[in-house]
Amino acid sequence: MNNLLISVVIPCYNEAENIPLLLSSIFMTLKTYNYEIILVNDGSNDETQTEIESASKKSPYIKYINFSRNFGHQAALKAGIDHAKGDCVITIDADLQKPPETMLEMITLWTEGHDIVTAVCKNEGQPSLIKKMTSTAYYWLLSKLADHQVIPNGADFRLIDRRIVDIIRNMNGQNLYLRGLCAWSGYRQATTFYREENRKIGNTKYSFKNMLNLASNGITSFSIKPLRFALSGGLFFAIMAFFYGIYALLMVWAGSTVPGWASIVASIVFLSGIQLIVLGVIGEYIGKLYREVSQRPAYLISKTNISISPGKNESDFFPEIPERGSAMV
Ligand code: UDP
Ligand code: MG
């Protein structure tokens with residue numbers, strides 16, 4: 001057990017003030033384990049990188065990856081996972097909203113044989129009512145559309161075994177949606193619960209636009225059901241329009257056509273709306289195909305202190321870990 005290495009991956013976007021507190025808390029929590037901490041600076045424009053580099057000088061357990069610009073939370077997670085050498089990887093936010101102590105329960109469940117341990121937020125009423133309602137509606141929709149069951153409220157606070165780490169490393173796509181990927185993998189999953197704190201320092205980095213992107217990515221990454229709905233919806237309205245056409249002809253034959261103006265306008269507007277929705281759904285998938293086909297990397301690194309380029313059996317090269325406790329930030 002003690003020679004197992006635990007990698008902790010932390011995406012950071014303008015989190016300078018949170019980093020020292022978070023690191024001390026992780027050091028305390030994991031003091032009896034072998035671990036490495038990978039901080040991924042996702043193009044922050046505050047002092048995040050300075051904080052990270054100064055922490056890395058004080059502790060040999062701290063690795064960092066500095067992106068050339070902001071590539072987004074999921075890309076930051078992927079970079080950390082790609083460069084992790086651990087037997088398992090735990091992903092946790094930098095904002096201290098998620099308690100590092102929960103990692104201990106995750107590790108226990110992992111050593112009991114689970115490949116994926118997702119921490120689920122348990123407290124009622126913490127996020128704003130709107131965020132709660134949209135998130136409940138979203139997970140309901142996802143459960144109806146996705147082919148694999150995604151754990152509701154399981155944010156990206158999760159432990160994954162090396163086997164899943166290797167799968168993620170081998171994926172080059174830009175549209176990583178870890179929550180769906182874990183459900184899709186079919187490996188043994190467990191959940192643990194935590195209470196989410198309010199953000200004490202800084203603001204949420206997930207704008208409404210970012211959330212919409214993630215939500216749409218979640219649905220379109222793991223399901224083509226929206227395309228099928230578009231097709232059946234389109235067919236349904238085409239049949240309706242056909243019968244309406246017959247009705248209109250009958251009206252012409254009966255010689256009472258003038259009063260039909262309103263219904264014609266209404267049906268044209270309605271059907272064009274449906275067509276636009278269907279086109280939008282198709283466009284979403286085509287856009288996704290385009291991004292995948294263009295094969296651009298999910299992120300670009302401008303600086304890192306991780307010396308060995310990613311490969312499959314690097315855990316052998318991980319430098320000898322000095323005595324714990326010396327690492328104070
Ligand atoms: N984050 C990131 N890149 C981004 C946005 C967010 O790396 O473009 C990080 C952020 O620093 C934090 C985590 O992702 O560690 C979750 O973000 P946040 O706490 O803002 O989201 P919320 O908890 O409000 O959903
Ligand atoms: Mg947060």
Side-chain angles (χ1 to χ4, degrees), residues 7-23 25-26 37-52 55 62-84 89-100 102-103 118-123 125-136 138-139 150-158 174-179 194-218 298-304:
S7 300
V8 181
V9 168
I10 312 172
C12 310
Y13 180 51
N14 295 341
E15 304 281 6
E17 287 167 272
N18 284 318
I19 286 167
L21 293 168
L22 178 72
L23 289 177
S25 167
I26 295 178
I37 299 175
I38 303 179
L39 292 147
V40 185
N41 176 19
D42 183 15
S44 304
N45 35 38
D46 67 351
E47 294 303 303
T48 297
Q49 186 56 21
T50 323
E51 283 293 340
I52 290 178
I62 296 180
K63 316 278 166 212
Y64 67 81
I65 295 167
N66 192 16
F67 280 177
S68 61
R69 64 164 170 87
N70 180 254
F71 280 91
H73 181 205
Q74 299 289 303
L77 289 174
K78 171 132 174 64
I81 293 170
D82 285 349
H83 292 80
V89 172
I90 301 177
T91 51
I92 182 170
D93 291 353
D95 56 10
L96 294 163
Q97 285 186 278
K98 302 181 169 48
T102 308
M103 295 198 285
T118 304
V120 177
C121 173
K122 241 308 176 226
N123 39 329
Q126 275 279 17
S128 72
L129 191 64
I130 300 228
K131 196 162 179 177
K132 253 191 93 179
M133 277 164 55
T134 45
S135 135
T136 311
Y138 172 65
Y139 279 108
V150 174
I151 299 170
N153 294 334
D156 287 311
F157 185 18
R158 176 184 300 111
Q174 290 196 28
N175 299 301
L176 186 69
Y177 185 66
L178 281 169
R179 296 168 210 191
Y194 71 96
R195 290 192 70 78
E196 181 139 322
E197 301 289 328
N198 279 330
R199 221 182 212 278
K200 294 193 184 70
I201 306 169
N203 299 318
T204 175
K205 309 299 178 320
Y206 258 93
S207 61
F208 186 63
K209 194 175 129 220
N210 287 350
M211 282 200 302
L212 272 186
N213 275 342
L214 187 72
S216 133
N217 202 7
Y299 54 84
L300 292 174
I301 297 175
S302 67
K303 193 174 178 192
T304 175

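Every number for a ligand or one of its atoms is a count from 1 in the order of the listing. Start at 1 with the first residue, then count along the sequence.
The OH atom of Tyr194 lies 8.0 Å from the CD atom of Gln97; values are rounded to the nearest 0.5 Å. Distance check, rounded to the nearest 0.5 Å: CG of Asn66 to CG of Leu300 gives 12.0 Å. Separation of atoms CG (Asp93) and CD (Glu15) is listed at 8.0 Å; rounding is to 0.5 Å. A distance of 9.5 Å separates CD1 in Ile19 from CD1 in Ile62, rounded to the nearest 0.5 Å. Atoms NZ and CD1, on Lys63 and Ile10 in that order, are 13.5 Å from each other to the nearest 0.5 Å.
For atom 25 (O) of ligand 1, the closest non-hydrogen atom of the protein is Lys131 NZ, 3.5 Å. Remark: minimum distance from atom 22 (P) of ligand 1 to any protein heavy atom is reached at Thr204 OG1, 3.6 Å. The protein heavy-atom contact nearest to atom 17 (O) of ligand 1 is Tyr206 CD1, 3.9 Å. Atom 19 (O) of ligand 1 has as its closest protein heavy atom Asp95 OD2, 2.5 Å. Of all protein heavy atoms, the one closest to atom 1 (N) of ligand 1 is Tyr13 CB, 3.7 Å. Protein heavy atom in closest approach to atom 5 (C) of ligand 1: Lys205 CB, 3.5 Å.
With hydrogens and angles ignored, the 3.5 Å screen pairs no side-chain donor or acceptor of Ser68 with any backbone N or O of Ser302.
Of all heavy-atom pairs spanning Leu77 and Val9, the tightest one is O-CG1, 4.2 Å.
Of all the heavy atoms of Asp42, the ones lying under 4.0 Å from any atom of ligand 1 belong exclusively to the side chain. Contacts between Asn70 and ligand 1, counted as non-hydrogen atom pairs separated by less than 4.0 Å, involve the side chain only.
For the residue pair Asp95 and Asn18, no side-chain donor N or O sits within less than 3.5 Å of a side-chain acceptor on the partner.
Looking at Asp95 and the Mg ion (ligand 2) together, the shortest N, O or S contact belongs to OD2.
Between atom 15 (O) of ligand 1 and the options Gly72, Pro11, Ala79, Cys121, the minimum heavy-atom separation is to Pro11. Of all the listed residues (Gln97, His73, Glu15, Arg199), Arg199 holds the heavy atom that lies closest to atom 18 (P) of ligand 1.
Between Ala94 and ligand 1, an N or O atom pair is found at a separation short of 3.5 Å.
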